[in-house]
Protein chains: 2
Amino acid sequence: MRAREPLDAEAILSATEDVLRRHGPAKATVVDVGRALGVSHAAVYKHFPSKTALREAVSRRWLNRDRDTLAAIARDTEIPPPQRLRRWLAALLVAKRAKAHDDPELFAAYKALVTEDSAAAVDHVADLLGQLETILTDGMTDGSLQRADPAETARAVFTATTRFHHPGLAGAWTEPGIDHELQVVCTLLLDGLRAARPTA
Amino acid sequence: MRAREPLDAEAILSATEDVLRRHGPAKATVVDVGRALGVSHAAVYKHFPSKTALREAVSRRWLNRDRDTLAAIARDTEIPPPQRLRRWLAALLVAKRAKAHDDPELFAAYKALVTEDSAAAVDHVADLLGQLETILTDGMTDGSLQRADPAETARAVFTATTRFHHPGLAGAWTEPGIDHELQVVCTLLLDGLRAARPTA
DNA sequence: TTGGTGACAGGTTTCAGATTATGTACTCTG
DNA sequence: CAGAGTACATAATCTGAAACCTGTCACCAA
């Protein structure tokens, strides 16, 4: 209709994020996104093939926002791997809890992605597993951790801490004992990871 | 209306179970339960104070049905505690998966109970924790397991295996690698439980 | 040719009005 | 008088027509 600065994917993502926050994932529509940008909803479809793709892209960006904090811990060779693992898991809980609390609408969108296991969710998990694997590999290299297959072990650690990061269980993250419980589980896992290769 | 053998709680529970299986937890009504018993719905209220109480009682009975299998493993002093723990957790997964698969309607009812954490669900968890504690205590007594507080450790083991028993995550129980994954997690946990009391 | 528009088909959601369910009270029977 | 029934108020749920959303189109502007 009129000359505007050309719509780009980033602008659409930001607008979508706002719309999601305002209306929640259930009520947010592509028409709303268009309206927020002063544009028809068909314009949005020039940049994203579907509403699903749009939601995925928004969640991806939202998830990647505090990815670096976590990645920095995973890569921090100053901290001995066992402690690093502990800190990383604690930071993961803190980050997830903050997201769930501060941004419930976007968290709900992310949760939906996980339950229908969309590519964005799968990639997010793969990323986290990779970070875990980094820590474990470092530990195996410097001898502070024992077991052999880092990928399998990373998955086991991730699985054993499901309670603290799976969005479907977010309800429990506000319970008072949760941080302590994570510590106990961490200790148990670390004891296992440090143990000499067992007999059975 | 006519002389019948007097309605008792057990008969109501069985009828409710049938109705739940036929209609699912969302559509099952107290009137249906009455109809199944050839009785008015008000008669049901003579025995149960509310529909919620009735659903809880049904789930309780349904959950207790294979409780003994599990309890038998927990108590089997023939098996060394570490192996016993492994078997118990495997049996728990098998039992839960069977329930989810063979009885989806009642499983859904149970899942609902867990998400609104009703007394029945809480009691069920407490029961399982008690069984875990038995195994751990036995292991600590005979020296095959090391750590100190059995209740706290039981909770940690239960938490670390959330993925394999929480009804909200039942979707993942049919994935092919799940049994192997449980084995890996078990091994990790057992290594931790057997480890000499660690330094950090 | 990329990025935009308005109109539209088909499927889904919504909302008000009608139906059905829950839970209580009082009645009836053995 | 214990236990079942009928009647009923209130809350929840269904239904169907209207509104609305998604995704596509043919067309337009720079």
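The chains referred to below are lettered A, B, ... by the order of the sequence lines, with proteins before strands, and numbering in each begins at 1.
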The contact string for nucleotides 13-30 of chain D, one letter per nucleotide 5' to 3', using protein heavy atoms under 4.0 Å with B, S and - for base, sugar-phosphate only and none, comes out as -S------SBBB------
Just grab all the ring pair (Phe, Tyr, Trp, His ring centres under 6.0 Å) pairs involving residues 110-156 of chain A, residues at least two apart or on different chains.
Phe107(A)-Tyr110(A), Tyr110(A)-His124(A)
Rounding to 10 degrees, work out the angle separating the end axes of the helix from dT1(C)-dA30(D) to dG30(C)-dC1(D) (five pairs an end).
20°
Here the distance between atom C1' of dT14(C) and atom NE2 of His23(A), to the nearest Å, is 16 Å
I'd like to know whether CZ of Arg97(A) has more than 12 heavy-atom contacts from other residues, nucleotides or ligands below 6.0 angstrom.
yes
For Arg65(B), check salt bridge (charged side-chain N to carboxylate O under 4.0 Å, His left out) against everything at least two apart and list the hits.
Glu17(B)
Transitive ILVMFWY cluster of Ile79(A), excluding itself - 4.5 Å side-chain cut-off:
none
Go through the structure and list residues passing side chain to side chain donor-acceptor pair (under 3.5 Å) with His165(A), not counting sequence neighbours.
Thr161(A)
Report the residues that fulfil salt bridge (charged side-chain N to carboxylate O under 4.0 Å, His left out) with Arg60(A), sequence neighbours left out, ordered by chain and then residue number.
Glu56(A), Asp123(A)
Got a sec, which pairs hit ring pair (Phe, Tyr, Trp, His ring centres under 6.0 Å) with one end in residues 24-54 of chain A, sequence neighbours left out?
none
If the condition is side chain to side chain donor-acceptor pair (under 3.5 Å), which residues does Ser14(B) pass it with, not counting sequence neighbours?
Arg61(B)
